[in-house]
Amino acid sequence: MPRSTIHFYIREGLLPAPQKTAASRALYTDHHVRLLEKIARLKQRGLSLAEIKTELAPELEAASLNPVDLAAQESERIRRAILRVATEEFVTKGYEQTHVADIIRRLGITPQVFYSHFPSKRRLLAESFRTFMSWNLAYVEPKLARTKDYGEKLLWRVLADFRANGFGSEVLQLVKSRDGDEKELVQLVERAWEEVIAVIIADFLEARPADLPPPPISLELLAYSLIGAQHNACLRASWDDTYSRADLVRVHLWLYLAVLAAISGKIDIDSELARYEELVQEVATREPVTPPAIDE
């Protein structure tokens, strides 16, 4: 249908006005399409414009009573599209080889539209990492709902985390190495990890028998400690060919099972920990010291 005809119908009150997003751009809904189809059918039946307007009155009133913020919907759709493409680019190419111009070209948007959503490439990186972690959880966790074996769950999570570990390390290194909005970007990355940590804590809580008192340590810190151990093991393995991926998976599983044994009460670590509490407090309150130089 010609644009001039659509504008005419709007002026005559046969269509609700679209939402203008720029001087030469307006957003229409599927409702507009259905009304245009109905106008065409009614015209074929020989109805006048006045009669068509009367026929459409209930639908036009309903449209005016239920306004939809099309501009906000469109903005969010574009933002999600940018994140999807950018996440794919960062994961496959890395930060340096990912170019904003390529993302803009793939999406068919203008640089102005891109930068209205993401003012910097680093901001896009941080949000892409969070998007990637959400993808990971959405892909892996539903598959694990069928098993109660914590070791089996961990092994499949480790497979998903291998890519996340490399991606996350690069992201944190980059967002911490610049000035400006560093704190906000770091917080975006931290929130992405919080979703993963929540899953680990849920396993800890499920494995802890109800008749045992709460563990004397922070489960959140314990979960982060496991993640940190995996990161450092991956770092060591990257230096040479001494350790295989199977070695990495096996040692992380061993550590995780040992932690679960302590959490579930199969081994008594809590009382062992209590023996050291006095020394824990002493070490925690002392300032770190620089050792004296060794005499030659």
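Fair warning: this is a prediction, and the values are worked out from it, not measured in the lab. Atoms considered below: every heavy atom in the structure, side chains included; atoms not considered: hydrogens, waters and symmetry mates.
- In this structure, CZ in Arg45 is found 9.0 Å from CD1 in Ile52, a value given to the nearest 0.5 Å.
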Derivation and outcome, side-chain contact (heavy atoms from CB on, under 4.5 Å), residues Thr131 and Arg84: CA-CA 8 Å; Thr131 299; Arg84 176 181 55 78; over 6 Å; no

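- Contact check on Glu55 versus Arg41 returns no salt bridge, with no Lys/Arg side-chain nitrogen under 4.0 Å from an Asp/Glu carboxylate oxygen.
- In this structure the side chain of Lys53 never reaches within 4.5 angstrom of the side chain of Glu12, judged on heavy atoms.
- Sorted pairs that involve residues 245-285 and meet ring pair (Phe, Tyr, Trp, His ring centres under 6.0 Å), not counting sequence neighbours, are lacking altogether.
- Among Phe132, Phe129, Tyr224, the single residue meeting the ring-ring contact (aromatic ring centres under 6.0 Å, His included) criterion with Trp193 is Phe129.
- Across Pro16 and Leu35, no two heavy atoms sit closer than the pair CD-CD1, 3.6 Å.
- Cluster annotation: Ile197 and Tyr150 are assigned to the same hydrophobic cluster (Ile/Leu/Val/Met/Phe/Trp/Tyr, side-chain heavy-atom contacts under 4.5 Å, transitive).
- Taking OG1 of Thr147 as the start and CD of Glu152 as the end, the distance is 4.0 Å to the nearest 0.5 Å.
- In this structure, Leu107 and Phe114 have side chains that are not in contact, with every pair of non-hydrogen atoms separated by 4.5 Å or more.
- The two residues Val259 and Leu226 come nearest to each other via the heavy atoms CG2-CD2, 4.0 Å.
- Contact record, Leu221 with Ser218: N-OG, 3.1 Å, taken as the closest heavy-atom pair.
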side-chain contact (heavy atoms from CB on, under 4.5 Å) between Gln281 and Glu277, worked out: CA-CA 6 Å; Gln281 293 300 327; Glu277 185 58 28; 2.7 Å; yes

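- Under the 4.5 Å side-chain heavy-atom criterion for grouping Ile, Leu, Val, Met, Phe, Trp and Tyr, Leu253 is connected to Val158 within one hydrophobic cluster.
- Note that CG of Leu124 and CZ of Phe90 are 4.5 Å apart. Values are rounded to the nearest 0.5 Å.
- By the 4.5 Å heavy-atom criterion applied to side chains, Val100 and Tyr115 are counted as neighbours.
- Residues Asp270 and Arg208 are paired through a salt bridge, judged by an N-O separation under 4.0 Å between the basic side chain and the carboxylate.
- Connection of Leu273 to Ile263 is established within a shared hydrophobic cluster, with ILVMFWY side chains joined at heavy-atom distances below 4.5 Å, either directly or through further cluster members.
- The shortest distance between side-chain heavy atoms of Val189 and Arg130 does not fall below 4.5 Å.
- Asn136 has its side chain out of reach of Arg157: every pair of non-hydrogen atoms, C-beta onward, lies at least 4.5 Å apart.
- The shortest distance between side-chain heavy atoms of Leu155 and Leu159 does not fall below 4.5 Å.
- Asp240 and Thr242 form a side-chain donor-acceptor contact under 3.5 Å, judged by distance and modelled atom types alone.
- Enclosure of atom CZ in Arg245 is not indicated, since only 12 or fewer non-hydrogen atoms of other residues, nucleotides or ligands lie within 6.0 angstrom.
- Cluster membership check: Leu60 shares its hydrophobic cluster with Met1, using side-chain heavy-atom separations under 4.5 Å among Ile, Leu, Val, Met, Phe, Trp and Tyr.
- Under 4.0 Å is where a charged nitrogen must lie from a carboxylate oxygen, and between Arg123 and Glu127 at least one such pair does.
- Taking the charged nitrogens against the carboxylate oxygens, Glu59 and Arg34 have no contact shorter than 4.0 Å, which rules out a salt bridge.
- With sequence neighbours left out, Tyr28 forms a ring pair (Phe, Tyr, Trp, His ring centres under 6.0 Å) with His32.
- The cationic atom of Lys121 (NZ for Lys, CZ for Arg) does not lie both less than 6.0 Å from the six-membered ring centre of Phe118 and within 45° of the ring axis.
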Ile227 vs Ile200, side-chain contact (heavy atoms from CB on, under 4.5 Å): CA-CA, chis, key distance, verdict: CA-CA 10 Å; Ile227 294 290; Ile200 300 174; 4.0 Å; yes

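- A salt bridge links Arg106 with Glu89: the distance from a Lys NZ or Arg NE/NH1/NH2 to an Asp or Glu carboxylate oxygen falls below 4.0 Å.
- In this structure, Ile82 CD1 and Thr87 OG1 are separated by 11.0 Å, a value rounded to the nearest 0.5 Å.
- How far OG of Ser225 is from CD1 of Ile217: 8.0 Å, rounded to the nearest 0.5 Å.
- In this structure a side-chain-to-backbone donor-acceptor pair under 3.5 Å is present from Ser116 to Val113.
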Arg191 and Glu194: CA distance, side-chain angles, deciding distance, salt bridge (charged side-chain N to carboxylate O under 4.0 Å, His left out) verdict: CA-CA 5 Å; Arg191 284 198 292 270; Glu194 285 171 1; over 6 Å; no

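- Contact between Ile269 and Ala262 at its shortest, heavy atoms only, is CG1-CB, 3.5 Å.
- Annotation: side chain of Tyr243 is in contact with side chain of Arg236 (closest heavy-atom distance under 4.5 Å).
- One hydrophobic cluster holds both Val196 and Leu222 under the rule that ILVMFWY side chains link at heavy-atom gaps under 4.5 Å.
- Using a 4.5 Å heavy-atom threshold, the side chains of Trp135 and Glu88 count as touching.
- A salt bridge links Arg77 to Glu74: one of the charged nitrogens lies within less than 4.0 Å of a carboxylate oxygen.
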side-chain contact (heavy atoms from CB on, under 4.5 Å) assessment of Leu154 paired with Asp203: CA-CA 10 Å; Leu154 175 78; Asp203 280 353; over 6 Å; no

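- The existence of a salt bridge linking Lys148 and Glu206 is confirmed by a sub-4.0 Å separation between a basic side-chain nitrogen and an acidic carboxylate oxygen.
- Closest approach of Gly151 and Leu257 over heavy atoms only: CA-CD2, 4.3 Å.
- Residues Ala258 and Ile267 come closest through the heavy atom pair O-CD1, 4.2 Å.
- Between the CG atom of Leu248 and the CD atom of Gln230 there is a distance of 8.0 Å, given to the nearest 0.5 Å.
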